[in-house]
Q: 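First the structure, then my questions, so here it is.
Bear in mind the structure is a predicted one, so any value in this text is a computation, not a measurement. Proteins come first, then strands; the chains are lettered A, B, ... in the order of their sequence lines, and each starts at number 1.
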Protein chains: 2
Amino acid sequence: MPERSPSRGRPKTLDRDQVLQTALMQYWSKGPNEVAIGEICTLTGASKPGVYREFGSDDGLKLAALDAYSHLVIRPFFEVLEHDRSFGDAQTALIDFTTQDRAAIGIPNGCLHVAMRAQRDKLGVMTREKVDLLRQEGLDNYAVWIEQAKSRGEFRMDIPTDIVALYFDAQNGGAMRMQTEGVPNDVIAKVMRLALMAIQ
Amino acid sequence: MPERSPSRGRPKTLDRDQVLQTALMQYWSKGPNEVAIGEICTLTGASKPGVYREFGSDDGLKLAALDAYSHLVIRPFFEVLEHDRSFGDAQTALIDFTTQDRAAIGIPNGCLHVAMRAQRDKLGVMTREKVDLLRQEGLDNYAVWIEQAKSRGEFRMDIPTDIVALYFDAQNGGAMRMQTEGVPNDVIAKVMRLALMAIQ
DNA sequence: CAAATTACGTACCCTTAGTTACGAAATTAG
DNA sequence: CTAATTTCGTAACTAAGGGTACGTAATTTG
């Protein structure tokens with residue numbers, strides 16, 4: 001998989017990682033369908049054929065960006081749930097994670113995955129499949145967490161786990177949409193606390 | 001405003017209402033940026049210049065469609081809240097309205113306004129302004145309803161009204177997104193009941 | 001150095017989709 | 001009937017953007 005470089009031929013100058021990072025940030029901050037490949041080329045100094053050689057297609061670049069995003073954001077997000085803490089503490093941690101001051105860390109508002117879900121039909125097949133996969137994995141992650149809380153007696157048993165999982169997914173989506181629309185993080189945090197308060 | 005027809009000149013044959021209805025249904029079911037004007041022309045038999053004479057631009061057509069949508073769906077939606085009933089009954093009515101069987105009535109799943117909010121940056125200025133206006137009006141409508149419930153003693157006073165309004169807006173957005181993603185209406189209803197349960 | 005190999009990037013191609021120029025058609029006023 | 005008026009719709013134009021043909025450059029091997 002590392003695709004090691006061949007021993008001869010002209011050495012590669014295209015900086016794959018720089019292109020990928022730039023694409024990710026652009027898609028994330030502007031939306032996956034607001035950024036043309038040519039724009040990414042301009043920003044990175046890469047040539048279009050170079051980008052195409054590296055990523056294959058627009059779909060391939062978006063897939064790579066979404067994949068990077070899943071490692072950078074989605075995985076850490078769900079890891080918040082896995083630490084051995086109470087259901088309530090984990091919820092608080094979730095809110096903190098979601099509503100942290102992004103400008104201070106230098107990352108865009110909103111969620112690339114949520115944005116892609118809203119634009120699903122505009123995406124290529126590879127990216128679309130990844131979007132669907134991440135959605136399902138997210139629901140599964142919530143489900144495991146909720147089941148655990150149930151088994152520990154930290155959460156009521158009378159609501160089906162899959163319903164609660166969809167509920168959490170919806171709250172997260174709502175928070176991300178608010179953030180994209182410019183609602184301040186402290187307000188979003190209040191709304192989220194309200195959403196979680198209800199469940200106890 | 002009725003723009004009465006002039007006494008002479010070639011009589012108009014373009015069916016404004018048919019074009020508008022078609023555009024609305026197409027935008028609603030496929031998404032506002034998945035439908036080209038040429039497609040609407042094909043579906044209605046209208047010519048492109050005819051449509052441009054009537055609506056001015058792509059932005060104008062989308063604005064007209066969103067306006068029609070607001071009368072057809074958004075207004076009735078908020079009228080559900082205005083009937084003189086208890087806070088709890090109104091919430092139930094909201095859920096029923098949102099999760100009714102749309103295929104039976106012949107209307108698409110999801111919400112055009114929610115979809116446009118997610119694609120805000122891709123819209124023309126007029127449509128975008130209307131989207132923002134409808135969002136604000138929606139929040140205001142929720143706020144009035146919540147204040148009323150508070151004054152009647154039907155809802156707790158310890159949560160700021162604007163936070164609750166954002167909460168309801170988020171729940172509705174989440175429901176519409178689930179519907180778009182294919183979650184069955186009865187499941188959506190369960191999630192919504194969970195969301196409202198929490199607030200009591 | 002010549003051949004083979006690999007990557008580079010300019011300058012295109014092609015499709016989609018918003019938009020319009022313009023001449024023809026239909027109708028009424030005089 | 002002629003002029004004025006209004007709308008019609010074919011056949012473009014144009015810009016954006018995904019994608020690539022192809023000649024060139026940079027390396028290693030022998």
Q: Chain B on DNA chain D: first and last contacting nucleotide, 5' to 3', under 4.0 Å to a heavy atom?
A: dA4(D) to dT10(D)
Q: In the single-linkage hydrophobic clustering (I, L, V, M, F, W, Y; side-chain heavy atoms under 4.5 Å), do L133(A) and I74(A) co-cluster?
A: no
Q: Check R117(B) with D169(B), please: is the shortest side-chain N to carboxylate O separation under 4.0 Å?
A: yes
Q: Here's a test of your reading of the structure: between D58(B) and P11(A), which maps to the more 5' nucleotide of DNA chain C?
A: P11(A)
Q: Over how many whole Å does the gap from E39(B) atom CD to dT15(C) atom P extend?
A: 18 Å
Q: Write down the distance between CZ (R10(B)) and P (dT28(C)), rounded to a whole number of angstrom.
A: 13 Å
Q: To the nearest angstrom, how far is R53(B) atom CZ from dA26(C) atom C1'?
A: 13 Å
Q: Name the orientation class of the two ring planes belonging to F155(A) and F87(A) (parallel below 30°, tilted from 30 to 60°, perpendicular beyond 60°).
A: tilted
Q: Inspect the contact between D67(B) and K130(B) and indicate whether a charged nitrogen and a carboxylate oxygen are less than 4.0 angstrom apart.
A: yes
Q: Tell me which of A46(B) and G9(B) sits closer to the 5' end of DNA chain D, going by the nucleotide each one is nearest to.
A: G9(B)
Q: Between atom NZ in K48(B) and atom P in dA17(C), what is the gap in whole Å?
A: 9 Å
Q: Could you check T13(A) against I37(B) and say which one's nearest nucleotide on DNA chain C is further toward the 5' end?
A: T13(A)
Q: Looking only at the side chains, is there a donor atom on one of T161(A) and E147(A) sitting less than 3.5 Å from an acceptor on the other?
A: yes
Q: Could you tell me the separation between the NZ atom of K122(B) and the P atom of dT16(C), rounded to a whole number of Å?
A: 16 Å
Q: Atom CZ of F55(B) to atom C1' of dT19(C): distance rounded to whole Å?
A: 16 Å
Q: Quickly work out the D59(B) CG to dT19(C) C1' distance and round it to whole Å.
A: 14 Å
Q: Just by distance, do the side chain of Q26(A) and the backbone of V35(A) share a donor-acceptor pair under 3.5 Å?
A: no
Q: Check E79(A) with R75(A), please: is the shortest side-chain N to carboxylate O separation under 4.0 Å?
A: no
Q: Among dA7(C), dG9(C), dT27(C), find the nucleotide with the atom closest to the side chain of R8(B).
A: dT27(C)
Q: Determine the contact category for P49(B): base if any of its heavy atoms lies under 4.0 Å from a base atom, sugar-phosphate if only primed atoms, P, OP1 or OP2 are that close, otherwise nothing.
A: base
Q: Which whole-number value in Å describes the distance from I40(B) CD1 to dT16(C) P?
A: 17 Å
